There are 2 protein chains.
Amino acid sequence: MEKQHYTRDDMAGLLRGHGINPTHQRIEIAYALFSRQEHLSADQIMAIVNDRHSETSKATVYNTLNLFKLHKLVREVIVDPSKVFYDPNTGPHHHFYNLQSGELIDIDARDVQIQGLPALPTGMVTEGVDVIIRIRPQHT
Amino acid sequence: MEKQHYTRDDMAGLLRGHGINPTHQRIEIAYALFSRQEHLSADQIMAIVNDRHSETSKATVYNTLNLFKLHKLVREVIVDPSKVFYDPNTGPHHHFYNLQSGELIDIDARDVQIQGLPALPTGMVTEGVDVIIRIRPQHT
DNA sequence: TGATTTGTTAGACAAAGTCCAAACATTGGC
DNA sequence: GCCAATGTTTGGACTTTGTCTAACAAATCA
């Protein structure tokens, strides 16, 4: 487990460490993700950030998440055709995806080996490997 | 490799074999997928089916693909947040996903072993395992 | 035949995400 | 302090994927 209690100041440092200018909105969005360590959709992030008084526009939420993605601060998780999840865990890991509840559970990739994969097409390079195990309650 | 040259009559039989009433539209949609053995989006399927004279509505394309999915005649492949691909190969397999071209390449799952996965959460059952290897041309 | 079920359709609708020009900081130079 | 330059945010229009609905058509069956 990593550090558990992040402050907004930690976020500013984190952003700077990734070459991102830490504005108020960016700090709030980062804080939403990192303080919960959960997989959130853009929608959910917007709801969290604008909980009390509306502060941050839709455009900024999307801009910021794309910026974070570009700087490898968060990762996109694509498991549901209807929405993308953003994952503050950028270490190598895979996912259980609970089809009933929509919940995502991390699987540390260091424990997992995948064998017997064919060679990559020539001239190609691996950008990332996603393993998604879709699960559901027994006896549905 | 499987049988290569499907006819529309083959499609009617295939549909019946899966408990689906083979209507004209359903046969055309199945034929689009199975005769090419490619991963197609709903959009692409609609374009193929309506190539000459418009025959099939958007609603029918989506209805039909969902019906096929329900009867395990095709499989959804979720790799791109912007669209779902439909895959006529329902055998166990994984995918290379070319991030640059959007192309999907099948990987036979019989050759692949995955080790070191943690136990499923209690009361849960595996519905499917997707491995997606995102690739791109070297030296971009 | 009429009644019921099954399929198809156009078009309205919804939701996720992008785009853009205008407005708004924030910074550094003077 | 003022000014420009740069970077950021914003609302709203827009696009795209997909769903829904109500009407219509075709087949089934009694």
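These numbers come from a predicted model, not from an experiment. In what follows, chains are A, B, ... by sequence order, proteins preceding strands, each numbered from 1.
Scored by the side chain to side chain contact (heavy atoms under 4.5 Å, CB included) test, A:Asp9 finds A:Thr7 as partners (sequence neighbours excluded).
Between the side chains of B:Asp10 and B:Tyr31, no donor-acceptor pair is found at a separation under 3.5 Å. When only modelled atom types and interatomic distance are considered, A:Asp43 and A:Ser41 share no side-chain donor-acceptor pair under 3.5 Å. Looking only at atom types and distance, the side chain of A:Asp106 has no donor-acceptor partner in the side chain of A:His94 under 3.5 Å away.
Counting non-hydrogen atoms under 4.0 angstrom, A:Ser41 reaches nothing in the nucleic acid.
Within the 3.5 Å criterion, the main-chain N or O of B:Val79 finds a donor-acceptor partner in the side chain of B:Arg134. A donor-acceptor pair under 3.5 Å is formed between the side chain of B:Asn50 and the backbone N or O of B:Thr56. Judged by distance alone, with hydrogens and angles left aside, the side-chain atoms of B:Arg26 form a donor-acceptor pair with the main-chain N or O of B:Asn21 at under 3.5 Å.
OP1 or OP2 of C:dG17 lies within a sub-4.0 Å distance of a side-chain N or O belonging to A:Tyr62.
Between the CD1 atom in A:Ile29 and the CG atom in A:Asn63 there is a gap of 9.0 Å [rounded to 0.5 Å]. In this structure, the separation between OG1 on B:Thr64 and CD on B:Gln25 is 7.5 Å, given to the nearest 0.5 Å. Interatomic distance, B:Phe96 CZ to B:Glu103 CD, rounded to the nearest 0.5 Å: 11.5 Å. The line from CG of B:Leu15 to CG of B:Leu67 is 8.5 Å long, rounded to the nearest 0.5 Å.
Sorted by first and then second residue, the ring-ring contact (aromatic ring centres under 6.0 Å, His included) pairs with a member in residues 35-82 of chain A read A:His39-A:His95; sequence neighbours excluded.
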Close N/O contacts between protein and nucleotides 22-26 of chain C (under 3.5 Å):
none

Please list, for nucleotides 22-30 of chain D, all pairs of protein and nucleotide N/O atoms separated by less than 3.5 Å.
none

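One atom, CG of B:Asn66, and another, P of C:dG7, lie 14 Å apart when rounded to the nearest Å. Whole-Å rounding puts the A:Lys83 NZ to C:dT18 P distance at 15 Å. Whole-Å rounding puts the B:His53 NE2 to C:dT9 P distance at 14 Å. To the nearest angstrom, C1' of C:dA16 lies 13 Å from CD of A:Gln44.
Residues B:Glu28 and B:Ile48 are not in side-chain contact: their nearest non-hydrogen atoms beyond the backbone lie 4.5 Å or more apart.
For the segment residues 68-81 of chain B, no residue has any heavy atom less than 4.0 angstrom from an atom of DNA chain D.
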- Under a 4.0 Å heavy-atom criterion, the protein footprint on nucleotides 5-14 of chain D, written with B, S and -, is ---SSBB-B-
